[in-house]
Asker: 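Got a structure here, written out as structure tokens. Questions coming.
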Protein chains: 2
Amino acid sequence: MSSFNPDDTLKLSNQLCFPLYASGKEITRKYKPFLDKLGITYTQYIVLMVLWEKDHVSVKEIGERLYLDSGTLTPLLNKLLSKGYISKKSLPSDNRELIISLTKKGLELKKEAYAIPPQISREVKLTKEEAQELYRLLYKVLEGFKDE
Amino acid sequence: MSSFNPDDTLKLSNQLCFPLYASGKEITRKYKPFLDKLGITYTQYIVLMVLWEKDHVSVKEIGERLYLDSGTLTPLLNKLLSKGYISKKSLPSDNRELIISLTKKGLELKKEAYAIPPQISREVKLTKEEAQELYRLLYKVLEGFKDE
DNA sequence: ACTAAATAAATTGTATACAATCTAATTTTT
DNA sequence: AAAAATTAGATTGTATACAATTTATTTAGT
């Protein structure tokens, strides 16, 4: 019978946080070789994914979708702007809001991105059922964080 | 019957990568208020966790354990050094290796860290079974990445 | 023993992240 | 309507991350 040892709670192997942190970091690293070919980073890629799904959105909405704040998004959007993938214009009805839109070049990049997700999936060694369960649990964690 | 639409693969909601990335980011953010009280960051905390579990390890071993490279660890270890939590000395049998050890202050910090994991667990709205399954799946992802 | 290859950290350069603060614009209160 | 509160982005400062390169040391091959 093993009794409770407070030391155990501080072992990496007993923490959910560490594998979450590490797998998040490692999976984005897996994207790098593919995204390098497109000349964008992972964070730039997910910003474009938001826009590919729904064009003309505010910085605030992008941030809410991706859990990123303006300190990250402002310089990142400037990079996407200078690369010619997006354009900015302020919302006439509320000049505080900055609306981000895809340029033709930004929209065309989507075609090149199609091939990436299946290649990443292949590197994730999970069955379809496991991947679905992981997906469900991760969103449950994320949703749970929103409350407090 | 819905036919396959290549657009769907590029939706955030269809990607495992995004919730991995986001939950990793968000859970470390949850640690911040607790770690602020100790005056350390999340990455510094997991480096200390490695040392609390096994003292006197090389930079390389810390990096392997945490999936971090020297570009991240070197400046971070210098911060822990200047805060007085660790000491450095090179391995006599191989001067390339830098051995990191806890100071008394670094060891004592462990007592203050005990209380943190249970408080984070409380914010993760998963049942014990779900948390275990998530843990298993995340490590399966991480292990799968090691191969290639 | 001597050179080539390999290894461990440090360094350099680029790109996030995010808290905290600031600024401008809009809304709410009074 | 004027003042106060709120909101959206931008800015500032600190701390990761990591690829690529460099340096010092060690090991392997001849």
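Everything quoted here is computed from the prediction, not taken from an experiment. Below, chain A is the first sequence line, B the second, and so on; all start at residue 1.
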Asker: NA contact type, A/Ser70, heavy-atom cut-off 4.0 Å: base, sugar-phosphate, or nothing?
Answerer: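 If one applies the 4.0 Å heavy-atom cut-off, A/Ser70 turns out to touch a base.
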Asker: With a 4.0 Å cutoff (strictly under), does any side-chain N or O of A/Lys32 reach OP1 or OP2 of D/dA19?
Answerer: no
Asker: Taking OP1 and OP2 of C/dA17, is either one under 4.0 Å from a side-chain nitrogen or oxygen of B/Arg29?
Answerer: no
Asker: For a quick check under 3.5 Å, do A/Lys88 and A/Asn78 share a side-chain donor-acceptor pair by atom type?
Answerer: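 Yes, side-chain donor-acceptor contact under 3.5 Å.
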Asker: Rounded to whole Å, how long is the line connecting atom OH of B/Tyr42 with atom P of C/dC18?
Answerer: 14 Å
Asker: Can a donor-acceptor pair be found, under 3.5 Å and without considering hydrogens, that links the side chain of B/Ser121 to the backbone of B/Pro117?
Answerer: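 Yes.
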Asker: If the cut-off is 4.0 Å, is B/Lys60 near the phosphate of C/dA8, judged by side-chain N/O to OP1 or OP2?
Answerer: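 Result: yes.
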Asker: Determine whether B/Leu126 and A/Lys140 make a side-chain contact, defined as any pair of heavy atoms from C-beta on separated by less than 4.5 Å.
Answerer: yes
Asker: Cation-pi between A/Lys30 and B/Phe145: NZ/CZ under 6.0 Å from ring centre and within 45° of the ring axis?
Answerer: yes
Asker: Name the orientation class of the two ring planes belonging to B/Trp52 and B/Tyr45 (parallel below 30°, tilted from 30 to 60°, perpendicular beyond 60°).
Answerer: perpendicular
Asker: Check the interface with nucleotides 22-24 of chain C: list each N/O to N/O pair with the protein under 3.5 Å, or write none.
Answerer:
none

Asker: Would you tell me if any nitrogen or oxygen in the side chain of A/Thr41 comes within less than 4.0 Å of OP1 or OP2 on C/dT16?
Answerer: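 Yes, A/Thr41 has a side-chain N/O under 4.0 Å of OP1/OP2 on C/dT16.
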Asker: Under 4.0 Å from OP1 or OP2 of D/dA10: is there any side-chain N or O of A/Thr74 that close?
Answerer: yes
Asker: Which part of the nucleic acid, if any, lies within contact of A/Thr72, taking any heavy atom under 4.0 Å across all strands shown: a base, the sugar-phosphate backbone alone, or nothing?
Answerer: base
Asker: Answer with base, sugar-phosphate or nothing: what part of the nucleic acid does A/Asn95 contact at a heavy-atom distance below 4.0 Å?
Answerer: sugar-phosphate
Asker: Under 4.5 Å between side-chain heavy atoms, counting indirect links through other Ile/Leu/Val/Met/Phe/Trp/Tyr residues: same cluster for B/Tyr114 and B/Val50 or not?
Answerer: yes
Asker: Does a side-chain N or O of B/Thr43 approach OP1 or OP2 of D/dA17 to a distance below 4.0 Å, or not?
Answerer: yes
Asker: Any sub-3.5 Å donor-acceptor pair from A/Ser101's side-chain atoms to A/Ser87's backbone N or O?
Answerer: no
Asker: Would you kindly compare A/Ile99 and B/Lys79 by the position of their nearest DNA chain D nucleotide and give the one closer to the 5′ end?
Answerer: A/Ile99
Asker: Would you mind reading off the distance between B/Lys89 atom NZ and C/dA9 atom C1', rounded to a whole angstrom?
Answerer: 17 Å
Asker: Could you tell me whether A/Lys105 and A/Glu108 have a side-chain N and a carboxylate O separated by less than 4.0 Å?
Answerer: no
Asker: Calculate the interatomic distance between B/Glu26 atom CD and C/dC18 atom P; express it in whole Å.
Answerer: 6 Å
Asker: 5'-most contact on DNA chain D: B/Ser93 or A/Pro75, nearest heavy atom basis?
Answerer: A/Pro75
Asker: Need one value for A/Leu76: base, sugar-phosphate or nothing, where a base atom within 4.0 Å counts as base even if backbone is also close, heavy atoms only.
Answerer: sugar-phosphate
Asker: Whole-Å distance between D/dA15 C1' and B/Leu66 CG?
Answerer: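 Distance, rounded to whole Å: 16 Å.
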Asker: Which of these nucleotides, C/dC18, D/dA17, D/dG9, is closest to any side-chain atom of B/Leu68?
Answerer: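 Shortest atom-to-atom distance from the side chain points to D/dA17.
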Asker: Mind checking if B/Asp69 touches a base, just sugar-phosphate, or nothing, with heavy atoms under 4.0 Å?
Answerer: base
Asker: Send over the distance from A/Asn78 CG to D/dG9 P, rounded to a whole Å.
Answerer: 13 Å
Asker: Report the residue (B/Asp36 or B/Gly71) whose heavy-atom-nearest nucleotide on DNA chain C is the more 5′ of the two.
Answerer: B/Gly71
Asker: Separation of A/Leu98 atom CG from D/dT7 atom C1', in whole Å?
Answerer: 14 Å
Asker: May I ask you to verify if any side-chain N or O of B/Tyr21 is less than 4.0 angstrom from the OP1 or OP2 atom of C/dA17?
Answerer: yes
Asker: Short question: side chain of A/Ser58, backbone of A/Glu97 - any donor-acceptor pair under 3.5 Å?
Answerer: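 No; judged by distance alone, with no hydrogens or angles, the pair does not exist.
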Asker: Measure the distance from CG on A/Leu91 to P on C/dT27 and round it to the nearest whole Å.
Answerer: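 In whole Å, C/dT27 P lies 11 Å from A/Leu91 CG.
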Asker: Write down the distance between NZ (A/Lys25) and P (D/dA15), rounded to a whole number of angstrom.
Answerer: 18 Å
Asker: Nearest of C/dA8, D/dT16, D/dA10 to any side-chain atom of B/Gln44?
Answerer: D/dT16
